[in-house]
Amino acid sequence: MKNYVIGLDYGTDSVRAVLIDTENGQELASNVSHYKRWKNKQYCDASINQFRQHPLDHIEGLEITIQTVVKESKVDPSLVRGICIDTTGSSPVPVTKDGTPLALTKGFEENPNAMMVLWKDHTSINEANEINELAVSWGGEDVTKYVGGIYSSEWFWAKILHIARQDEAVRNATYTWMEHCDLMTYLLIEDKDLKTFKRSRCAAGHKAMWHADWNGLPPVEFLEKLHPYLATLRGNLYDETYTSDLVAGNLSQEWADRLGLSTETVIAVGTFDAHSGAVGAKIEENTLVRVMGTSTCDILVGSYDEVGTKTVRGICGQVDGSVIPGFIGLEAGQSAFGDLLAWYKELLMWPTEHLLGTSSLLNETQKEQLREEFSDKLIVELTKEAAKIPVSESLPIALDWINGRRTPDANQEVKSAISNLSLGTKAPHIFKALVNAICFGAKKIVDRFEEEGVKIDSVIGIGGVARKSPFIMQTLANVLNKPIKVAASDQTPALGAAIYAAVAAGIYPNVIEASQKIGSDFDGEYFPQLDKVAAYNKLLIAYEQLSAFADPTIKISQNEFSL
Ligand SMILES: Nc1ncnc2c1ncn2[C@@H]1O[C@H](COP(=O)(O)OP(=O)(O)O)[C@@H](O)[C@H]1O
Ligand SMILES: O=C(CO)[C@@H](O)[C@@H](O)COP(=O)(O)O
């Protein structure tokens, strides 16, 4: 008998669903829906790094994408056995006592503090600093030790503390907070008991400092010292967490009707996009899977023997079962990857966006067409020109920290910088410098894992940039001096979510077997070009010098000061 599963992947800008045949991993249908309100930049203020998303964007996206894949695949809906949802993270949402996202209740519909706080929202830098100071001074165990020793403003507690202080009405109306992957899973299932709802191990371990060593979330005494609200909130959160090979519940009657599915369909425990992406790309021990899109997430799995209780400095957490149950999942990443190039594109588009409007040379339709054409071509043309520029020490040097630094050693206060500019520097030179910067940032992550004794035998690239930019992938292979395979699927995180759904539905006995059988194949491999590796090494030294200048906490050896 045929069995099908659906993976639903919430990215930064859009949500996609894939419907997968569990026998062979074939994608029978996929559909993407962009968030309407987010696209119009509603509820955001980039000048203060405030990025919020309205839950209606997510609910509308869920409904349309799932309905579409079920319809387009033409499969019998009763054979859709499971669904798993992955989302970005840490992207927490305030929720009322009856499990409603606060922004869907009266009076809070337009309040950004009542909405989902997107992973890249950095409004809580001060709160993250407070958590870090307290973690080493409160008298108990350092609760940041399994999240790299530094708590980030991208994460759960810092964001909640910030909003609780800023908005009394939101604080008073909120019963609990849920990671986005948990909220969307909870929305679909029949059982609405918030106390017994199965929260994601991946989200809890990487972002909320949940760890078996202290029996769950950080101790009440620790949270109390940050803010009494957090101590109260802890009681409305959770003690246990669950891996995504497990069932969170059955599809509710309401959602079965809305989606055209059956209440027999099981919903797996939610997870994060990067972790499911790694599963979709057939991750194995000591393989680094890099999810390269707006940001990057770098995922590794290690055995209990290799990682055990050894703590890895400056990464985004090591969590038992966050990728594959029975292994420790390790996460690192860059707060901006494609986003650095997107920032540069937006900068260069300024005259087109703003001056064109004041010109009488073209009519409004022509202006709009021109804007679209430039926008579509800009990165492509810059890439072509940048590829022709030799790798030499006369190139500008840039830092990738346009949205702070996630790894190694999270610091969201650091900023990007560009040096070595001259009158001869043209737009493609700066573009090339930015591409080099994101690759050097990646190299620092790989170095950190290896310095800490976590071996990396092979590298796999997935995500928009891995698929769309051979230029960046080749640069990365040269900078890392390692071959990089690219997963063939355009929807690897959604495929990974489908794999979890297949295990939760009992179609496969475990994640490893399912991932090897129906995970994505590879359709490209980039090898280091030996003649270029040395030249990139020299530029890397200049990148390290600029890093140490921009962030005085970074120490580099004196003999590297050669600029
Ligand atoms: N041809 C390209 N070369 C380099 N970067 C690109 C290219 N096309 C898109 N990007 C970057 O890819 C990022 C989007 O990646 P994607 O994986 O599609 O989305 P998400 O991160 O939201 O899942 C954007 O930051 C964009 O700047
Ligand atoms: O940080 C995580 C997961 O821990 C990601 O959700 C976050 O980087 C967002 O990923 P995208 O760049 O939108 O794919």
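The structure displayed is predicted, hence computed values, not measured ones. Indexing begins at 1, ligand by ligand and atom by atom, following the structure's order. The analysis underlying the following values was restricted to heavy atoms, covering all of them including side chains, and did not include hydrogens, waters or symmetry mates.
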If the cut-off is 4.0 Å to any non-hydrogen atom of [X], which atoms of ligand 1 fall inside it?
X	answer
Thr12	22 (O)
Ser469	3 (N), 4 (C)
Leu341	4 (C), 5 (N)
Ala342	27 (O)
Asp339	25 (O)

Shell of residues surrounding ligand 2, defined by a 4.0 angstrom heavy-atom cut-off that is strict: Thr12, Thr88, Gly89, Trp119, Lys207, Phe272, Asp273, Thr294, Ser295, Cys297, Glu331, Arg406

For ligand 1, which part of Ile379 has a heavy atom less than 4.0 Å away: the side chain, the backbone, both, or neither? side chain

Please determine if [X] and [Y] form a salt bridge, counting it only when a charged side-chain N lies under 4.0 Å from a carboxylate O.
X	Y	value
Lys377	Glu373	yes
Arg467	Asp523	yes
Glu154	Arg406	yes
Asp490	Arg16	no
Arg201	Glu240	no
Arg199	Glu179	no
Arg52	Asp121	yes
Glu452	Arg313	yes

Looking only at protein heavy atoms, identify the closest one to [atom] and say how far it is in Å.
atom	result
atom 9 (C) of ligand 1	Lys468 NZ, 3.7 Å
atom 17 (O) of ligand 1	Gly464 N, 2.8 Å
atom 15 (O) of ligand 1	Gly293 CA, 3.4 Å
atom 12 (O) of ligand 1	Val465 CG2, 3.5 Å
atom 26 (C) of ligand 1	Gly338 O, 4.1 Å

Of the choices Asp13, Thr294, Leu382, Thr492, which has the non-hydrogen atom that lies closest to atom 21 (O) of ligand 1? Thr294

If you take the nearest heavy atom of each of Ile472, Ile438, Thr88, Asp490, which one is closest to atom 4 (C) of ligand 1? Ile472

Just say parallel, tilted or perpendicular for the rings of His180 and His58, cut-offs at 30° and 60°.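 The arrangement is tilted - the two ring planes meet at 30° to 60°.
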
Parallel, tilted or perpendicular: ring planes of Tyr543 versus Phe440, cut at 30 and 60 degrees: tilted

May I ask you to check whether Phe156 and Trp210 place their ring centres under 6.0 Å from each other?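 No, they do not, as the ring centres are separated by 6.0 Å or more.
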
Within the distance-only criterion (no hydrogens, no angle test), does the side chain of Asn132 pair as donor or acceptor with the backbone N or O of Ala128 below 3.5 angstrom? yes

